[in-house]
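Submitted below is the structure of interest, expressed as structure tokens.
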Amino acid sequence: MRPTDLTIAEGLAALERRELSALEWTRACLEAIERLNPRLNAFITVTAEQAIAAARASDARRARGEAGPLEGVPLAIKDLFCTEGVRTTAASRMLEGFVPPYESTVTAQLKRDGAVFLGKANLDEFAMGSSNLTSAFGGVENPWKRADAPELRLVPGGSSGGSAAAVAARLAPGATGTDTGGSIRQPAAFCGIAGIKPTYGRCSRYGIVAFASSLDQAGPFARTVEDCAILLRSMSGHDPKDSTSADRPVPDFRAAVSRGVKGLRIGVPREYRVEGMPAEIEALWRQGLAWLRDAGAEIVEISLPHTRHALPTYYVVAPAEASSNLARYDGVRYGLRVAQQGDHLRALYEATRAEGFGREVQRRILIGTYVLSAGYYDAYYLKAQKVRALIARDFAEAWKTVDAIVTPTAPSAAFAEGEKQDDPVAMYLNDIFTVTANLAGLPGISVPAGLDAKGLPLGLQVIGRPFDEEGVLAVGGAIERAAGFRAAPEVRA
Ligand code: GLN
């Protein structure tokens, strides 16, 4: 087997048996990146030299008997995680020239456990988007092709589009992402791989460029649910540097994947049957439920009545927090500075922010400052906070009768570049099934479950109780086993 085809679990086993070295695995990934990244644009920065050095050091540790749980595993890192000494862009011009003097907690933990970083993956600017097209470094090409129109460039989803495309195209066996309203789960679905957003507080947010702090969570991408579990374990854990980080033990997520679903009650929310959803997605959803029933689960219809307000609520709360978080980019402290000789401070702010931020980011800042402004605060922001509490309460009610909830991940398969680009609302609608988990802080996974008639992957989403990633992984694992999804994209190493 070629190293680029290995899953993380397979690669770790091969390393253990000395059939593969970290250096060989890393080199195979770097060669694939060199060949395919000019086309896919999945990486903004490739750190080949550092990766080779890290792989050598990893092999030496293994030889000394000091192998960590991720010893020698090459990974792509979403370019929203600060990496010490390595340029971090958030896919924005605003951070031009920014080289963090510190490491995010999540990436520090991955390194501690032996992972090797290949580079920084492309994303929507400041993680705002569902297509990766808002990146200042250009869009990412989805490695999958539509059978009826193979010449079309499809989007990989967003915001973690580079991470998902890199894993799907076998440039890396795993990657990190962040998910504020679906940015791990939707790109995972569009690229035919798995991705999990854990419970809010499970992974530290320290050192992740902030978008909407009450919604942002880090999580992994990989080609299998088991690999996601392996990565999530290293990424999780309490961090005193993040006051919202949960002080809870980190379970053995990997063991949960094969636990099965016998006796579990799986909820199907009535309100997720949205109008205009392709029949194929509806059919796959029903198929997924049938698989779980065959595996011993009980399917229960439930109601999450406030779901219909979830998108408007999200698109008030997230921009509000973003406008506040992004106030720090003022041309004074770091990143881009645009100023003419003799400019006043205010002119410096205006010129820097006008040039540094792309259109979507500016739109979010405008919405956010508007809903937070005097006179509108009560009508929009406060109202959204109240509805958010109701959405969370719907889930709390549901957990009295079900153990997990299964829905489609997104209302469509990957769309083509340009398709929804001129209509922000059409783009926002893509997040309809994913934002609720962020608003309620719940764990959610997307698992590749089938192909549509045009040969594009579709994902199913499993949402679980707070801190029950194990339950989510167990149901995700059962769907994965039943689906037997083996298809691979057109463009791959
Ligand atoms: N697509 C959503 C947005 O544009 C979610 C992004 C994310 O999860 N970072 O806000």
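Remember, predicted model here, so these are calculated numbers, not experimental data. Note that ligands are numbered from 1 as they come in the structure, with each ligand's atoms numbered from 1 the same way.
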Which of the atoms in ligand 1, numbered in the order shown and given with their element, are less than 4.0 Å from a heavy-atom of Gly129?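 The atoms of ligand 1 under 4.0 Å from a heavy atom of Gly129 are 1 (N), 2 (C), 3 (C), 4 (O), 6 (C).
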Is there a donor-acceptor contact under 3.5 Å linking the side chains of Asn132 and Ser159?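 No pair is found: no donor N or O on one side chain lies under 3.5 Å from an acceptor on the other.
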Using a 4.0 Å heavy-atom threshold (strictly under), name the region of Phe211 that reaches ligand 1: side chain, backbone, both or neither.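 Side chain only.
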Considering only heavy atoms of Gly181, which atoms of ligand 1 have at least one such atom less than 4.0 Å away?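 Here the atoms of ligand 1 in question are 5 (C), 7 (C), 8 (O).
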Provide the number and element of each atom of ligand 1 under 4.0 Å from a heavy atom of Tyr314.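 Going through ligand 1 atom by atom, the ones under 4.0 Å from Tyr314 are 2 (C), 3 (C), 5 (C), 6 (C), 10 (O).
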Just going by heavy-atom distances, which of Arg364, Glu360, Gln186 is nearest to atom 4 (O) of ligand 1?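 It is Arg364 that holds the nearest heavy atom.
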Of all the heavy-atom pairs spanning Phe137 and Asn122, show the shortest one and how long it is.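 Phe137 and Asn122 have their closest heavy atoms at O-ND2, 4.1 Å.
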For ligand 1, is Tyr428 a contact, meaning one of its heavy atoms is under 4.0 Å away?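 Flag not set, Tyr428 not near ligand 1.
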Counting only heavy atoms, which portion of Lys78 has something under 4.0 Å from ligand 1: side chain, backbone, both, or neither?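 No part of Lys78 is near ligand 1 at this cut-off.
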Can you confirm whether Arg308 is buried at CZ, in the sense that more than 12 heavy atoms of other residues, nucleotides or ligands lie under 6.0 Å from that atom?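 Incorrect, the count does not exceed 12.
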Lys78-Ser160 side chain donor-acceptor pair, cut-off 3.5 Å: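 Distance-only check passes for Lys78 and Ser160.
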Heavy atoms only, cut-off 4.0 Å: how does Thr180 contact ligand 1, side chain, backbone, both, or neither?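 For Thr180, backbone and side-chain atoms both sit under 4.0 Å from ligand 1.
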Using 4.0 Å as the upper bound for N to carboxylate O, is an ion pair formed by Arg364 and Glu360?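 The answer is yes: the pair qualifies as a salt bridge.
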Can you list the atoms of ligand 1 that are under 4.0 Å from a heavy atom of Tyr315?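 Per the distance check, 1 (N), 2 (C), 3 (C), 4 (O), 10 (O).
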Any chance you could measure Thr409, atom OG1, to Gln186, atom CD, to the nearest 0.5 Å?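 Separation between the atoms: 9.0 Å.
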Quick one: OG on Ser163 to CZ on Phe221, what's the gap to the nearest 0.5 Å?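 If we round to the nearest 0.5 Å, Ser163:OG and Phe221:CZ are 5.5 Å apart.
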Phe357 vs Tyr329 aromatic rings, parallel, tilted or perpendicular, using cut-offs 30° and 60°?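 It falls in the perpendicular class, over 60°.
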Below a 4.0 angstrom heavy-atom separation, can you tell me which part of Ser159, side chain or backbone, both or neither, approaches ligand 1?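 For Ser159, the contact with ligand 1 is made by the side chain alone.
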Tell me which protein heavy atom sits closest to atom 6 (C) of ligand 1, plus the residue, atom name and distance to 0.1 Å.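 Here the nearest protein heavy atom works out to Ser183 OG, 2.8 Å.
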May I ask you to check whether Asp431 has an N/O atom sitting below 3.5 Å from an N/O atom of ligand 1?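 Yes, Asp431 has an N/O under 3.5 Å of an N/O on ligand 1.
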How many angstroms lie between CG in Leu110 and OG1 in Thr83, if you round to the nearest 0.5 Å?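 Those atoms lie 12.0 Å apart.
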Once you round to the nearest 0.5 Å, how far does CG of Leu154 lie from CZ of Phe415?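 Answer for the CG-CZ pair, Leu154 versus Phe415, is 9.5 Å.
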What are the atoms of ligand 1, with element, lying closer than 4.0 Å to any heavy atom of Met128?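 What qualifies from ligand 1 is 4 (O).
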Interfacing atoms of ligand 1 (cut-off 4.0 Å, heavy-atom, Asp179):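 Near Asp179, meaning under 4.0 Å from one of its heavy atoms, ligand 1 has 8 (O).
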Counting each atom of ligand 1 from 1 as listed, which ones have a heavy atom of Ala127 under 4.0 Å away?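 Close to Ala127: 6 (C), 7 (C), 9 (N).
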